[in-house]
Peer 1: 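Pasting in a structure now, in structure tokens, and then I'll have a few things to ask.
Below, chain A is the first sequence line, B the second, and so on; all start at residue 1.
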There are 2 protein chains.
Amino acid sequence: MAARSNRVTISDVARQAGVSSATVSRALSGNRPMSPELAEHVRKTAQELGYRTNLLGRALRQQRSSVVGLLVPDLDNPFFASLAEHLSRVVETSDMELLVASAGGSVENEARLISSFLDRQVAALVAIPCDEIESAPGLEQAISHTLTVQLDRRVLTTGAYYVGCDNRHGMDLIAEHVAHDVDTTAQPVVYVGAETQSSSAHERLDGFRRHFPDSPVFLGDFSTQWGQEAADQILESGLSAATIVATADVIALGLMSRLHATGHRIPEDFRVIGFDGVGVTPFAHPTLTTVRQPVEAISRRILDLVLELPQEQDEHEVRLEPTLVVGPSSPARDA
Amino acid sequence: MAARSNRVTISDVARQAGVSSATVSRALSGNRPMSPELAEHVRKTAQELGYRTNLLGRALRQQRSSVVGLLVPDLDNPFFASLAEHLSRVVETSDMELLVASAGGSVENEARLISSFLDRQVAALVAIPCDEIESAPGLEQAISHTLTVQLDRRVLTTGAYYVGCDNRHGMDLIAEHVAHDVDTTAQPVVYVGAETQSSSAHERLDGFRRHFPDSPVFLGDFSTQWGQEAADQILESGLSAATIVATADVIALGLMSRLHATGHRIPEDFRVIGFDGVGVTPFAHPTLTTVRQPVEAISRRILDLVLELPQEQDEHEVRLEPTLVVGPSSPARDA
DNA sequence: CTGAAAGCGCTAACAT
DNA sequence: ATGTTAGCGCTTTCAG
């Protein structure tokens with residue numbers, strides 16, 4: 001196995017090229033004016049020696065790094081994974097770079113990972129906080145040390161930017177669809193959500209209740225397993241037909257898998273409506289009626305904030321509008 | 001907005017506590033023997049001043065960081081996302097920490113991100129290379145600078161460790177299932193794979209061909225979109241029934257979604273068999289018959305390599321055995 | 001057990 | 001346009 005470290009430093013290059021280390025630095029970064037031929041010579045010797053810049057040294061000296069940290073609750077949720085993917089692509093159009101860490105659903109992990117990002121001097125931190133309340137201390141820390149943007153979920157803290165979708169409006173879209181396309185006496189409306197420890201779960205449930213104050217509500221977490229369990233609970237409650245509004249596509253997936261397994265038909269017996277509409281979940285069968293989050297716009301908006309581009313209005317809370325995508329899991333009346 | 005930087009350094013704490021900076025370092029790390037009460041006093045003042053260690057300074061001095069870099073081709077693929085999630089959880093049982101970057105399917109991005117990880121002095125690099133051949137230069141670089149482990153896919157390079165599943169054996173399991181449970185005159189076998197630029201696609205196709213040398217083969221990429229397209233191509237080729245072996249669950253998802261949409265039944269008309277068996281894809285409908293990769297074992301094995309724990313045999317290639325999970329998308333004969 | 005001092009690799013002020 | 005020097009924040013010799 002080859003030598004496992006880069007021992008060629010800037011002063012090795014300087015010595016070899018017969019110049020000072022400052023000159024090497026300038027030649028390589030191109031920041032300062034210098035004679036083109038000397039610059040070329042330096043670059044050539046650097047190349048020959050196999051020189052690589054040590055970004056730790058640079059960042060320490062410059063007091064800034066080009067890393068944007070992204071903290072997600074769980075990469076097994078395709079919505080978060082897809083956000084990470086989109087954001088990666090958007091961030092690399094700048095001179096920054098996105099590094100992703102996953103908290104695995106634990107507030108303790110989350111706090112540790114935030115600390116670690118901060119201690120590594122990230123230029124900015126983007127976080128999807130696990131918990132509306134318990135994530136607050138970690139996030140407060142972040143805010144006081146670096147540019148911090150909350151994504152999709154938020155804590156009840158002022159100070160950090162927030163970018164996400166208008167969850168309540170998403171529920172308006174669903175309510176509209178239900179009013180227009182569903183016979184709710186035959187298929188009464190039921191909600192399957194997540195415990196409202198996260199702001200998105202909270203807002204979606206609020207939005208739902210505004211339209212369906214008397215509908216039964218089942219709360220678990222943002223997992224496909226919970227969707228399966230919820231299906232069991234709904235069936236046990238005696239319902240043999242319903243319009244099920246799920247707070248996330250992964251939950252809808254679990255619902256449908258269990259409803260199918262127990263011999264029920266979708267949408268004839270049970271309609272299923274999801275939320276998120278990105279990643280692989282749009283390929284469920286039957287294709288979900290879901291509220292699609294505007295992930296591209298969200299990602300771009302976050303980059304703008306990270307680069308501290310002047311915004312039209314200096315809002316700390318940016319809400320982007322989702323759209324309803326109707327599929328066979330809860331079709332339109334005419335379709 | 002609060003002050004956006006941590007200006008409290010170790011010497012601030014030293015001054016305040018009336019000791020030397022060396023003492024503060026020792027008190028905080030606990031590496032060297034020192035009087036407990038002094039250590040306590042130092043820790044208290046550090047706390048009071050809101051001191052946070054600058055990990056860049058530490059890493060620069062110690063010539064090592066505690067970061068393990070993971071490079072994946074695409075976080076929208078739930079298999080890669082799930083690997084990242086598993087590996088995160090396993091790595092954090094040590095004193096290391098996993099940071100994930102996604103190449104978005106591009107070899108150029110991949111090379112840039114590898115460089116960047118190396119220049120940030122990662123303790124180890126775990127990579128799922130995009131391309132069997134074109135990823136080689138980037139990986140060679142990595143090998144010569146840090147401990148490098150290839151995961152799931154590999155380049156044709158000696159030197160770097162590889163940990164993955166026995167893809168050919170996975171195809172043996174599928175062949176066994178088909179031989180035992182399928183009437184291949186009624187449902188002839190067809191393969192839908194990915195262009196063999198990645199080693200896993202390569203090995204799986206090899207394994208398949210060994211058992212079904214005359215079966216038609218359709219090649220695209222590791223995406224659900226390709227699965228849909230492949231379904232169209234299969235139908236256009238005149239088949240109205242088949243056993244479709246897909247090289248990945250995401251492809252199987254696309255196949256099923258299009259087959260359903262065109263009015264075909266699974267498994268009565270078309271059987272569908274996948275590969276990977278982790279993430280959300282096991283919740284497809286109908287539930288996939290698939291080859292489940294041993295992600296937990298893979299993750300643990302990688303951690304062992306990263307920590308340079310002595311292995312029973314010093315193999316550079318670790319192949320772990322997958323298992324067949326039979327579901328209604330291609331049921332057993334008796335079921 | 002503690003302090004003084006050096007230096008990890010880099011860049012930015014300041015000289016020339 | 002280039003070199004000299006200092007120092008980012010930390011740990012680790014080496015003295016005492």
Peer 1: Between D:dG9 and B:Arg52, counting only base atoms on the nucleotide and side-chain atoms on the residue, is there a donor-acceptor pair under 3.5 Å?
Peer 2: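 In this structure, the two groups form no donor-acceptor pair.
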Peer 1: With axes from five pairs an end, tell me the bend angle of the helix from C:dC1-D:dG16 to C:dT16-D:dA1, nearest 10°.
Peer 2: 40°
Peer 1: Applying side-chain contact (heavy atoms from CB on, under 4.5 Å), can you list everything that pairs with A:Glu108, at least two apart in sequence or on another chain?
Peer 2: A:Ser106
Peer 1: Check this one for me: any side-chain N or O of B:Ser35 less than 4.0 Å away from OP1 or OP2 of C:dT2?
Peer 2: yes
Peer 1: Give the rounded distance in Å between these two atoms: CZ of A:Arg61 and P of D:dA6.
Peer 2: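 One finds 13 Å between P of D:dA6 and CZ of A:Arg61, rounded.
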Peer 1: In this structure, how many angstroms lie between the C1' atom of C:dA12 and the CG atom of A:Leu28, rounded?
Peer 2: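 Spelled out: CG on A:Leu28 to C1' on C:dA12 is 16 Å.
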Peer 1: Between B:Thr9 and D:dG9, does any side-chain N or O lie under 4.0 Å from OP1 or OP2?
Peer 2: no
Peer 1: State plainly whether the residues B:Glu40 and B:Lys44 are in salt-bridge range, i.e. N to O under 4.0 Å.
Peer 2: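 Looking at B:Lys44 together with B:Glu40, the answer is no, because their closest N to O distance does not fall below 4.0 Å.
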Peer 1: Rounding to a whole Å, what distance do you find between A:Arg64:CZ and D:dC8:C1'?
Peer 2: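 In whole Å, D:dC8 C1' lies 13 Å from A:Arg64 CZ.
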Peer 1: Give the rounded distance in Å between these two atoms: CG of B:Leu60 and C1' of D:dT11.
Peer 2: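 It works out to 11 Å between those atoms.
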Peer 1: Of all heavy-atom pairs between B:Asp74 and B:Phe80, which one has the smallest distance, and what is that distance?
Peer 2: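 Smallest interatomic distance, heavy atoms only, reads O-CD1, 3.4 Å.
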Peer 1: Can you tell me how far P of C:dG9 sits from NE2 of B:His145, to the nearest Å?
Peer 2: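 The answer, rounded to whole Å, is 14 Å.
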Peer 1: May I ask you to evaluate whether B:Gln62 reaches the phosphate of D:dT12, defined as a side-chain N or O under 4.0 Å from OP1 or OP2?
Peer 2: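 Indeed, a polar side-chain atom of B:Gln62 lies that close.
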Peer 1: Choosing from C:dA4, C:dC10, D:dC10, which nucleotide comes nearest the side chain of B:Arg58?
Peer 2: D:dC10
Peer 1: Rounding to an integer number of Å, can you tell me how far A:Arg26 CZ sits from C:dC14 P?
Peer 2: 14 Å
Peer 1: Do A:Glu110 and A:Arg112 meet the salt-bridge criterion of a basic N to acidic O distance under 4.0 Å?
Peer 2: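 Salt bridge: no.
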Peer 1: Can you tell me the distance, in whole Å, between the CD atom of A:Gln63 and the C1' atom of C:dA12?
Peer 2: 12 Å
Peer 1: Any side-chain donor-acceptor pair under 3.5 Å between B:Arg154 and B:Ser200?
Peer 2: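 No.
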Peer 1: Under the salt bridge (charged side-chain N to carboxylate O under 4.0 Å, His left out) rule, collect the residues that match up with B:Arg120, sequence neighbours excluded.
Peer 2: A:Glu97
Peer 1: Out of D:dG3, C:dT2, C:dG9, which nucleotide sits closest to the side chain of B:Leu38?
Peer 2: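 Closest nucleotide among those given: C:dT2.
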Peer 1: Taking atom types as they are modelled, is there a donor-acceptor pair under 3.5 Å from the base of D:dG9 to the side chain of B:Arg7?
Peer 2: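 Side chain to base: no pair present.
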Peer 1: For B:Pro294 versus B:Leu320, what's the shortest heavy-atom pair and its separation?
Peer 2: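 Looks like CG-CB, 3.8 Å.
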Peer 1: Both B:Ser21 and B:Pro33 contact DNA chain C. Which one's nearest nucleotide lies toward the 5' end?
Peer 2: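 Residue closer to the 5' terminus by nearest nucleotide: B:Pro33.
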Peer 1: Side chains of B:Ser198 and B:Glu132: donor-acceptor distance under 3.5 Å anywhere?
Peer 2: no
Peer 1: Hey, does the side chain of B:Ser20 come within less than 4.0 Å of C:dG3's phosphate (OP1/OP2), counting only N and O?
Peer 2: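 Checking C:dG3 against B:Ser20, a side-chain N or O does come within under 4.0 Å of OP1 or OP2.
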Peer 1: Give the rounded distance in Å between these two atoms: CG of A:Asp12 and C1' of C:dC8.
Peer 2: 13 Å
Peer 1: Between B:Thr23 and A:Val24, which is nearer to the 5' end of DNA chain C once each is assigned its nearest nucleotide?
Peer 2: B:Thr23
Peer 1: Which residue lies toward the 5' end of DNA chain D, B:Arg32 or B:Leu55, if each is placed at its nearest nucleotide?
Peer 2: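 Its nucleotide being nearer the 5' end, the pick is B:Leu55.
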